[in-house]
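Everything on this sheet refers to the single structure shown next.
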There are 2 protein chains.
Amino acid sequence: MLHDPAQLDLMFQALADPARRQMVDRLSRGPASVSQLAEPLAMSLSAVVQHLNLLEASGLVRTQKVGRVRTCQIDPKALRAAEHWINERRLSWERRLDRLGDFLAETRDET
Amino acid sequence: MLHDPAQLDLMFQALADPARRQMVDRLSRGPASVSQLAEPLAMSLSAVVQHLNLLEASGLVRTQKVGRVRTCQIDPKALRAAEHWINERRLSWERRLDRLGDFLAETRDET
DNA sequence: ACAATACTGAAGCGTTTACTTAACTATTGC
DNA sequence: GCAATAGTTAAGTAAACGCTTCAGTATTGT
């Protein structure tokens, strides 16, 4: 369910916006309320809530409301899924380069 | 220059689109021409070129034209930069959890 | 009870995105 | 030289985005 392409899509989409990455960055240092997330951002609370809803839909952030404050925190599993996608492609490319290197080394030996 | 926030922005933006991720996926298995990249995609060549230009601007893909064919390949350094951003935030969060665990363990000892 | 706080939701609006088509420029093969 | 191939560029368009404002709902403090 974490490798569901639709979920991956939502995650990368969520990470594409600088404001949302800033929110993730803030949350990486610890949980925060909506207002605390909004504080460093030059936009209305309402806009922040909209970003937050996207982050939550993407699975990157989980929230829970106690009384009137919504507390947000990162879900590291989701972050790991995005990380993994990139890592796989990079490794695939690098393995290819290695094989190519081996091949070139071998053909040089055949004098 | 790889940690330039503007460049990071372009990278995540580039990765946000499914078609572009599919192109990166294809390129992770080896270099390809524009037409080869376009083949599995249900859109015009023109659209593919536009995506490709974005990928190149983001630094994720490098291309070189020989004769009339443009050959594309991944730049793993750029992939690593995106990977790194995510990894740092995830680790920061997980370290926080560890410290919290230690704290709870200690306070339990104080009977 | 009343005011302040902490969000939430809907409507609207200008900008950006992801395409399309169509016209064009190089190369390459015959 | 001529046609086919490979890619590029510009213009247009519909839909998605990132906001704003404003009006509303709970909850909390006095």
Mark up nucleotides 22-30 of chain D, 5' to 3', with B wherever a protein heavy atom is under 4.0 angstrom from a base atom, S wherever such an atom reaches only the sugar-phosphate, and - elsewhere.
-----BS--

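Between B:Met43 atom CE and D:dA15 atom C1' the separation is 15 Å, expressed in whole Å.
Against DNA chain C, the stretch residues 50-60 of chain A makes no heavy-atom approach under 4.0 Å. Using a 4.0 Å cutoff on non-hydrogen atoms, the parts of residues 16-25 of chain B near DNA chain C are B:Asp17, B:Arg20, ordered by number. Within residues 33-41 of chain A, no residue has a heavy atom under 4.0 Å from DNA chain D.
Side chain of A:Arg90 to main chain of B:Pro76: no donor-acceptor pair is present (N/O by atom type, distance under 3.5 Å, no hydrogens or angles).
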Is there a side-chain contact (heavy atoms from CB on, under 4.5 Å) between A:Met11 and A:Leu60 once you walk through the steps?
CA-CA 7 Å; A:Met11 269 189 280; A:Leu60 286 167; 3.9 Å; yes

Run A:Glu88 and A:Glu83 through side-chain contact (heavy atoms from CB on, under 4.5 Å) and show every step you take.
CA-CA 9 Å; A:Glu88 291 251 302; A:Glu83 212 179 321; over 6 Å; no

Starting from the C-alpha separation in whole Å, work towards a yes-or-no answer on side-chain contact (heavy atoms from CB on, under 4.5 Å) for B:Leu41 and B:Met23.
CA-CA 9 Å; B:Leu41 299 171; B:Met23 290 166 76; 3.8 Å; yes

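Side chains of B:Val66 and B:Thr71 form no contact here, defined as non-hydrogen atoms less than 4.5 Å apart. Inter-residue side-chain proximity for A:Val61 and A:Asp75 is flagged as unmet; no heavy-atom pair is nearer than 4.5 Å. Side-chain contact between B:Arg20 and B:Leu54: present, with at least one pair of heavy atoms (C-beta onward) separated by less than 4.5 Å.
In terms of the salt bridge (charged side-chain N to carboxylate O under 4.0 Å, His left out) criterion, residue partners of A:Asp25 (sequence neighbours excluded) are, by chain and number, A:Arg29, B:Arg89. Residues satisfying the salt bridge (charged side-chain N to carboxylate O under 4.0 Å, His left out) test with B:Arg95, not counting sequence neighbours, are none. For B:Arg68, there are no salt bridge (charged side-chain N to carboxylate O under 4.0 Å, His left out) partners, not counting sequence neighbours. With sequence neighbours left out, the ring pair (Phe, Tyr, Trp, His ring centres under 6.0 Å) criterion links B:Trp85 to B:Phe12.
Note on residues 32-61 of chain A: pairs passing salt bridge (Lys or Arg N to Asp or Glu O under 4.0 Å), not counting sequence neighbours, are A:Glu56-A:Arg70. Screening residues 28-84 of chain A for ring-ring contact (aromatic ring centres under 6.0 Å, His included), with sequence neighbours left out, gives A:His3-A:His84. Sequence neighbours left out, not one pair with a member in residues 20-42 of chain B passes ring-ring contact (aromatic ring centres under 6.0 Å, His included).
Distances shown here put every side-chain N or O of A:Ser44 at or beyond 4.0 Å from the OP1 or OP2 atom of D:dC19.
More than 12 heavy-atom neighbours from other residues, nucleotides or ligands sit within 6.0 angstrom of CZ on B:Arg96.
Note that the first and last nucleotides of DNA chain C, 5' to 3', having any atom under 4.0 angstrom from a heavy atom of chain B are C:dT17 to C:dT28.
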